[in-house]
Amino acid sequence: SQQGEEDPQALSIQEGENATMNCSYKTSINNLQWYRQNSGRGLVHLILIRSNEREKHSGRLRVTLDTSKKSSSLLITASRAADTASYFCATAPANAGGTSYGKLTFGQGTILTVHP
Amino acid sequence: DGGITQSPKYLFRKEGQNVTLSCEQNLNHDAMYWYRQDPGQGLRLIYYSQIVNDFQKGDIAEGYSVSREKKESFPLTVTSAQKNPTAFYLCASSPANRLNTEAFFGQGTRLTVV
């Protein structure tokens, strides 16, 4: 079953604008990760935020996590045409042990289009 | 270069045939995973393995089989029992038994039933 629900499903913006994508999940997590996928390619890891963290930055990326609301957001600032891709959130379960380490559950993704 | 290699990139299967998708990694990761992605959808876990000679079913294992005879390799067989196999298949790996670790993905195999 899908753990994460992402919103919006698609986002279209102009170069230079900021893009915000949201992810909600249902069960307790150890961490939440964001991945990027260019069309027809594999996923590339962007950023990981632990359950005891509230905000994390990496370059033009800013991720927030609200465990009380079971939600996260990914902000891409000053977007570029090269940021055009699908973005997925993925959650790692809390209390994972043994064979559950690293077992991620993915959302359905947000398709971001950045127009030059 | 270190990474995960999936082959072939495109694969065509006739009805009733079994096909095997290859996944090889040289990252020295213990854990490996197979995901299925349908158009406009997220990834769903098929099988995963935390150690050689051991693997567990994911959320959609029916119609698939795997083996893990070597640390570097985790092939996926799509059997004739899988009724709707057309999809994009992604293999991933990560260090096992570690919290807060990312997954590394291959470039995927697109399987089409003809």
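Naming convention: chains lettered A, B, ... in sequence-line order (proteins, then strands); numbering from 1 in each chain.
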Chemist: Establish, yes or no, whether the cationic atom of B/Arg68 lies under 6.0 Å from the six-membered ring centre of B/Phe55 and within 45° of the ring axis.
Modeler: no
Chemist: Can you see whether B/Tyr89 engages B/Tyr64 through a side-chain donor-acceptor pair at a distance of less than 3.5 angstrom?
Modeler: yes
Chemist: Taking non-hydrogen atoms and a cut-off under 4.5 angstrom, which of residues 45-65 of chain A neighbour chain B?
Modeler: A/His45, A/Leu48, A/Arg50
Chemist: Can you tell me which portion of A/Gln9 sits under 4.5 Å from chain B's heavy atoms? Options are side chain, backbone, both or neither.
Modeler: neither
Chemist: Please report the interatomic distance CG(A/Asp7) to CE(A/Met21), rounded to the nearest 0.5 Å.
Modeler: 11.0 Å
Chemist: So, taking the atom named OG1 in B/Thr5 and the one named CG in B/Asn26, what distance separates them when rounded to the nearest 0.5 Å?
Modeler: 7.0 Å
Chemist: Looking at A/Ser86, A/Gly40, A/Gly109, which makes the most heavy-atom pairs under 4.5 Å with chain B?
Modeler: A/Gly40
Chemist: What's the spacing between A/Asn30 CG and B/Thr101 OG1 if we round to 0.5 Å?
Modeler: 11.0 Å
Chemist: Under 4.5 Å heavy-atom distance to chain A, tell me which part of B/Gln37 shows up: side chain, backbone, both or neither.
Modeler: side chain
Chemist: Please report the interatomic distance CZ(B/Arg44) to CG(B/Asp38), rounded to the nearest 0.5 Å.
Modeler: 5.0 Å
Chemist: Please confirm whether the ring centroid of A/Tyr35 lies under 6.0 Å from the ring centroid of B/Phe105.
Modeler: yes
Chemist: Going by distance alone, is a donor N or O of one side chain under 3.5 Å from an acceptor N or O of the other, for B/Gln25 and B/Glu72?
Modeler: no
Chemist: Around atom CD of B/Glu62, are there more than 12 heavy atoms from other residues, nucleotides or ligands closer than 6.0 Å?
Modeler: no
Chemist: Could you check whether A/Asn31 and A/Gln33, counting side-chain N and O atoms only, form a donor-acceptor pair closer than 3.5 Å?
Modeler: yes
Chemist: What residues of residues 77-84 of chain A sit under 4.5 Å from chain B when only non-hydrogen atoms are counted?
Modeler: none
Chemist: Using the benzene-type ring in the case of Trp, are the ring centres of B/Phe74 and B/Tyr47 under 6.0 Å apart?
Modeler: no
